[in-house]
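Heads up: the structure comes next, in structure tokens.
Because the structure is a prediction, the values reported are computed rather than measured.
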Amino acid sequence: MRIPFWSRLRLAPRIVLVVLGGMLAVKAVDKAMPLLIRPPEIMFFDRDWLLDNLRDIRDRSVAVPVAERAAVLEDLPVRRWLDVVALETPPDFSHTARGGGFADLHERIVGLLGLEPQDVLMMADDLDDPEYSPRPLVIILPPLPTVMTDVLDDRGSNMLSSDLRIAVRIGPSEWLVVMPHSDGQENLRMIRNMLLPVFALVMIGLASVWVARGIVRPLDDLAAAAEKLGRDRELSLVGEFNAPELRAIGSSFNAMQLRLKQFVDDRLQMIAAISHDLRTPLTRLRLFAEYVPDQDQRRQVLSDINDMEAMVSATLTYASNRLKDEAYSAVDLGALLISLCDTAADAGCRVIYDGPDHAGLTCRPVAMRRAFANLIDNGCKFGSEVRVTLRDGPDAFAISVADDGPGIPAEQREEAFRPFMRLESSRNRETGGTGLGLTITRDVILAHGGTIRLEESPAGGLLVAVTLPKARG
């Protein structure tokens, strides 16, 4: 089957192509904007023409009554080039004209109109990129001849502005504001200037998220498969990823799973076969033990045979993984713990239960009973009192089984979960065991998406803390 071009690309070229694609898209939108929104006009004003018209506008305004001033300003012959607004309050801008040619122009206006410097305000803003100016660009030319490149390049001494406004006082609180004629698209250009960087950020952000998801999703699949393999000891093969590097990782991970599964299955099968074959000689020994004449010896031999049968049964359960083949069903966790505590109490152990009488949980019933029975039995073997606590949280149940026995040193607690590991040194029939109780319990808890850890109990013994999520993981 032909592999698509994109799936053959490695991650580095993909990232480069996505970044370049985003930049080209932004550039294309930038170039297409002038087709939708007209770029600002560029107006060339002769300096002397501007000065003469400023004087004419001022003279016409002061020569008529205030009520007729608006009509006079509407009929000005320079309305094609200049907009004039009469204000009854000072303008909303301050004097921000730069030095050089604009400073000289300000002095000329003050002298021509016979005003004080503070009676003439000039704003002449400049942009790094005049193409993005919302208002018309104004170039005030000195007396001709001049070279246009000098005007554009030497902005310090020449007069180029993206927002030119000249305010002249004509009364105690009355002003005239003169500015280049507006084409009415200033707001559209301002919106364009704001949207372009936003569009660039959105395009690059979406492209980055797309690439990141293509990388993170396979990693999430690998993490979920690894977690399932460690929890259920079952294969969880990942699919084909669309990047060569990730496909190589997925293939290696699947091959590793197969090797690990084969390795574990071979050894568990061997252990199960040995344990199964031991049942026949154990049955034969039990028959022979009945003929032992000494009653004490017969009782001792039968006790040893019972221990060996318990070990074989636990080993077969662990090796065959039967507990994990059980179907899920609704269980009353509170009633289950109370029943186990009552059974242990009937056997002569002091067991205290603290928790609700009922707590619904969806789980494998036999496996869950086996797990908590192991914990309570261990507490009874090594301590004189066992306290079982159940707490119903919003998302999970917290169960603890604490005893007042000798406990387990912190550095040996992780080893206690290993198969056939018995940390109790006497290894006698009263306190010994198969060494599989905690191993089976942890397998059951982890298979249900929970956690289990060993701590020191308040009574100085061992506390086993279990967390079981209410929703199946």
Side-chain angles (χ1 to χ4, degrees), residues 37-127 130 132-141 155 158-194:
I37 302 175
R38 192 173 63 188
E41 295 178 341
I42 302 177
M43 296 184 177
F44 295 89
F45 294 157
D46 178 78
R47 183 182 60 191
D48 294 337
W49 176 89
L50 180 61
L51 291 172
D52 291 341
N53 279 282
L54 284 174
R55 180 173 57 186
D56 180 61
I57 293 170
R58 195 280 305 267
D59 293 344
R60 288 172 181 262
S61 299
V62 299
V64 298
V66 176
E68 301 177 8
R69 186 172 294 161
V72 171
L73 295 179
E74 285 292 333
D75 294 335
L76 288 173
V78 293
R79 291 289 296 181
R80 169 68 181 81
W81 309 104
L82 298 174
D83 287 339
V84 184
V85 180
L87 302 177
E88 296 181 358
T89 58
D92 58 357
F93 61 89
S94 57
H95 184 74
T96 58
R98 306 185 304 272
F102 282 107
D104 179 65
L105 179 63
H106 182 263
E107 292 179 2
R108 285 175 178 269
I109 295 173
V110 170
L112 180 66
L113 302 181
L115 300 173
E116 296 295 326
Q118 63 270 20
D119 293 335
V120 178
L121 303 178
M122 181 183 297
M123 184 177 73
D125 286 345
D126 191 15
L127 288 178
Y132 290 95
S133 171
R135 300 182 59 83
L137 299 172
V138 176
I139 299 176
I140 302 177
L141 297 174
R155 300 185 186 182
N158 294 292
M159 290 173 283
L160 186 150
S161 174
S162 61
D163 190 4
L164 177 65
R165 304 181 198 182
I166 301 173
V168 178
R169 186 192 296 271
I170 58 174
S173 61
E174 298 170 327
W175 292 76
L176 288 176
V177 178
V178 181
M179 64 192 78
H181 179 69
S182 170
D183 61 359
Q185 295 194 2
E186 286 85 357
N187 292 335
L188 288 177
R189 295 191 189 99
M190 291 183 66
I191 293 174
R192 174 204 62 185
N193 294 345
M194 291 187 293

Nearest non-hydrogen partners of [X] and [Y], listed with the distance:
X: Arg135; Y: Pro180; answer: NH2-O, 4.2 Å
X: Ile170; Y: Ser61; answer: CD1-CB, 4.4 Å
X: His181; Y: Pro136; answer: O-CG, 3.5 Å
X: Phe93; Y: Ala167; answer: CZ-CB, 3.7 Å
X: Ser161; Y: Phe102; answer: CB-CZ, 3.9 Å
X: Asp46; Y: Asp48; answer: OD2-N, 3.1 Å

Could you check if a side-chain atom of [X] sits within less than 4.5 angstrom of a side-chain atom of [Y], using non-hydrogen atoms only?
X: Leu51; Y: Leu105; result: yes
X: Asn53; Y: Trp81; result: no
X: Trp49; Y: Val78; result: yes
X: Ile57; Y: Leu76; result: yes

Distance col, row Leu176:CG vs Arg60:CZ, nearest 0.5 angstrom, shows 13.0 Å
Can you tell me how far apart CE (Met43) and CG (Leu50) are? Round to the nearest 0.5 Å.
12.0 Å
Test item: Arg47 side-chain N/O and Ile140 main-chain N/O as donor-acceptor pair under 3.5 Å
no
Is the backbone N or O of Ser182 less than 3.5 Å from a side-chain atom of Asp83, with the two atoms forming a donor-acceptor pair by type?
yes
Contacts table for residues 108-123: side-chain donor-acceptor under 3.5 angstrom, sequence neighbours left out:
| residue | atom | partner | partner atom | Å |
| --- | --- | --- | --- | --- |
| Arg108 | NE | Asp104 | OD2 | 3.0 |
| Asp119 | OD1 | Arg169 | NE | 2.8 |

